[in-house]
Amino acid sequence: MQHNNFDDWFASTALGGANQSYVEEIYEQYLTDTESVDESWQAIFSKLPKTTDVEQPHSGVRDYFRRLARESRAEAITVIDPAASAKQVKLLQWINAHRIRGHLEANLDPLNYYRWKTSSVPELDYRYHGFSEAELNETVTVGRYVFDKEQMKLGELAEALKGTYLGTIGLEFMHIQDIDQRNWLQAKMESVLNKPLFSHEEKINLLKELTAADGLERYLGAKFPGAKRFSLEGSDAFIPMMKEIIRHAARQGISDVVMGMAHRGRLNLLVNVLGKKPIELFDEFAGKHAEVNRTGDVKYHQGFSSDFAVEDKSVHLTLAFNPSHLEIVSPVVIGSVRARQNRIHDTEHNKVLAVTVHGDSAVAGQGVVQETLNMSNARGYKVGGTIRIVINNQIGFTTSNPNDTRSTEYCTDIAKMIQAPIIHVNGDDPEAVAFAARMAVEYRCLFKRDIFIDLISYRRHGHNEADEPLATQPMMYSLIKKHSTPRKVYADRLIAENVINGDDEIEMMNLYRDALDNGDRVVPEWREMNMATVDWLQYLNYEWTDNYESQFPADRFTTLAKRVCEYPDAIQPHSRVEKIYNDRKAMYEGKKLLDWGMAETMAYATLLDEGIHVRLSGEDAGRGTFFHRHAVIHNQHDGTGYVPLTQLHANQGHFEVWDSVLSEEAVLAFEYGYATTDPKTLTIWEAQFGDFANGAQIVIDQFISSGEQKWGRMCGLVMLLPHGYEGQGPEHSSARLERYLQLCAEQNMQVCIPSTPAQVYHMLRRQAIRKMRRPLIAISPKSLLRHPLAVSTLDELINGSFQNVIGEIDALDPTQVKRVVLCSGKVYYDLLEARRQREQTDVAIVRIEQLYPYPHDEVKAILAQYSHVTDYVWCQEEPQNQGAWYCSKHNFEASIPDNAKLKYAGRMASASPAVGYMSLHTKQQKQLVEDALSL
């Protein structure tokens, strides 16, 4: 056909018309990597005319093609048959339609209850692309990436595409930008067609593991009817999936697997994967418990550790303890994995694997999932990828309509924010499930990225075993009642394949039930742990008051102080930072008193010198929100960072400081996981403002304050919470001290408000040096960082120790004192300055630096000199219903003489943490100081 018009001719070629955008995309891939496109396209593109001034056509591919075509129109007509090329484009579009959207038509739902698509996908039909039934016997060129064949009949291709992309696995991967990852996933799917994936023995083993999953649930249901257990029934394939992940991970070199999951299926995992003794679980159902001095937790929140044998290897397994807040354990697990990787110097993330298990409603509904995914490849938090499993029983509590639980097609669509591949798999096909497990392990180990497995299944009972699901899901549960269990479905399949017979099936069930009756472990791969490798044994049974070495050699201190102030000549700091470092030099030379930033830095330096590791993270941790720390010097010439604390000497501890992602909940949970795993590292999280820590309240309530009492999990995490009333408004004043004090009980954590640089130095050192590991809530300052009175001498750091209480520092005559003011934190300096201005000598001021555990004896010892005083005041900046007043009033009253009275001086009770107007703030501040000092 002749075309007189160039545009008409160009539109008729394979490069123009409706195919243009598609061809442009493939051509860009070709220019980047010739081998990344099918050979048929390589043949076409290689024949295009070459020019000497080819530009990267990422924004102008169309003009580029048109220019080439115009320059060599006659040649292009001879080398490219428009009809044949257009047909080839349609063929590849059809193939790619399966890769992109095949999962929407895949056989994913065991119940066939929900259509796993919003509508039909017509582009999966060859007729949609212009092919006819008569062409099914024609041979087409498909390229080397498709099913290991270059050519095949169109009908054969149709069956291959259906078998690969429309079976019991639906793979979402075409949203991934990385070509290597896409090609690997594509090849993994397309290279296994019609190939046996599992041996005779492996199939029998899969059935045994399904039998165990099914058998435990049936046993518990019969033995403890109605008891809450959050049954796995319907999602039984989760057990062989987890075991296959562990086995295949060991083959890839993984030696440590850390798992986190909520309660659904947890008991089954504990018994059938980790090797918890069934008799111990039965005792928990019966209400028995070990005689331990803690409150404990329900059975489906418990964690566990064990060793798991895989051929000639051993894999250490850890299941994290978990509260009922479904998704919060995920960042805890990631933090634990990072700590383990750092401990064994696994910088390439080859040895420790994170596996997190999610619910379908929770993974889409809980914001901490997004926060955790966003951290997945951030420098301070990456662990080389996590395998994320969704036990998708298509129902959340009693809400089963997807339009009520999410706004996306799949619950796993959130995975696309980090371009993670998603393997949807039918829970009634254990071989597909095991294949998905292997693919996930290989992908994670190769690319060090997250990958999701969406185990689509169902929930045979209600949310718990006492619920009646028919009340809210009558249609779904009418199907479930008629549907065979996953074990039965697979057993019938193996019988049909002549892998087993009916007697074999019955024998498997009987043997497992007998093992449960015996009460011993039912996991043949279980191995005894080597307790000598457990780091925490040396930290048991220590108390708050145990002695520790607080002093530090003066000459060594001076040497370290000099080194933390040094940086290479090639590093040019900002002028303000340069001044800070010059001031620090004057401090160690004795020309200036030490400020907060220098004292904190020296706490880290002296700990590092002793081989103790330090990890510090927060939204502005490197610099410090209030421009005081500057642990990282940013070179003004090229933007590179220099960290003096990493350059002390060759044998020092490891120091790391990270500016975190903009998150409180996930980051604090990560650091909790890190601290509970590594007691030898001083792990610190700093809030940008202490006010913002309430974004992580779940972590504080469910883990930090109660983890030891519930689960026996010790933790030395430090929370630095900037706090102080400087007129910055309701969200930049209060670290909500009252909330932490309300959570204090049973010696569970310490709450400190250091008021001098020496105090913060000793507080941090004490936390790392003494053997006790419990959380430290440190109410840290803002304006005090540069307050002229908040300074310390070198001697106070070198030879001092942390003072739980600091008495009067001015030379007052105790016998002339008529009132004693007790306080904590920044308000002390307001009181001190006001008293000095008034030349008042009849009011003493005592600072309580540790509010919990409250230092009764030390407070009484300091107040003994004022035994004649009956007028005592507690002064605070916070409103009366906040701060320390209500939570600690009983402690203050217990410290003063019996005949004395305790008054309150501070702001009136308020619904807001602070006022928003500077004039009102100033008025209130003056008044509370006046109230405290005026007799």
Hey, does the side chain of [X] reach the backbone of [Y] with a donor-acceptor pair shorter than 3.5 angstrom?
X	Y	answer
Asn582	Glu578	yes
Ser663	Ala666	yes
Gln709	Glu746	no
Lys782	Thr625	no
Gln882	Pro879	no
Thr646	Val643	yes
Asn881	Ser910	yes
Asp413	Thr408	no
Asp842	Lys818	no
Arg629	Thr601	no

State whether [X] and [Y] are salt-bridged, where the test is any N-O pair (Lys NZ or Arg NE/NH1/NH2 against Asp/Glu carboxylate O) under 4.0 Å.
X	Y	answer
Glu656	Arg379	no
Lys901	Asp871	no
Lys860	Glu858	no
Glu808	Arg835	yes
Arg836	Asp810	yes

Problem - Criterion side-chain hydrogen bond (donor to acceptor under 3.5 Å, both in side chains) against Arg907, the qualifying member of Gln924, Glu878, Gln927 - result: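 Exactly one candidate clears the test, Gln924.
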Exercise for the section: Tell me, with the steps shown, if Asp583 and Lys592 meet salt bridge (Lys or Arg N to Asp or Glu O under 4.0 Å). Expected result: CA-CA 8 Å; Asp583 287 345; Lys592 295 187 71 171; 3.7 Å; yes
Check whether any side-chain heavy atom of [X] sits under 4.5 Å from a side-chain heavy atom of [Y], and report yes or no.
X	Y	result
Val661	Val667	yes
Arg819	Val873	yes
Ser895	Tyr854	yes
Tyr381	Ile334	no
Tyr761	Thr606	yes
Val791	Leu594	no
Ser824	Trp874	yes
Arg766	Gln750	yes

Within 45° of the axis and under 6.0 Å from the centre of the six-membered ring of [Y], does NZ or CZ of [X] qualify?
X	Y	result
Arg739	Tyr886	no
Arg576	Phe627	yes
Arg847	Tyr828	yes

Problem - Positive for ring-ring contact (aromatic ring centres under 6.0 Å, His included) with His732, one of Tyr725, Phe689, Phe626 - result: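 Single pass found, and it is Phe689.
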Exercise for the section: Output the distance between atom CD1 (Ile845) and atom SG (Cys823), rounded to the nearest 0.5 Å. Expected result: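 These two atoms lie 6.5 Å from each other.
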Exercise for the section: Provide the closest heavy-atom pair for Tyr852 versus Met749 in the form atom of the first, atom of the second, distance. Expected result: CD2-O, 3.0 Å
Practice task
Kindly give the heavy-atom pair with the smallest separation between Glu877 and Gly724, and that separation in Å.
Solution key: OE1-CA, 4.1 Å
Handout entry: Test salt bridge (Lys or Arg N to Asp or Glu O under 4.0 Å) applied to Arg773 and Glu708, step by step
Key = CA-CA 10 Å; Arg773 291 290 178 266; Glu708 184 176 357; over 6 Å; no
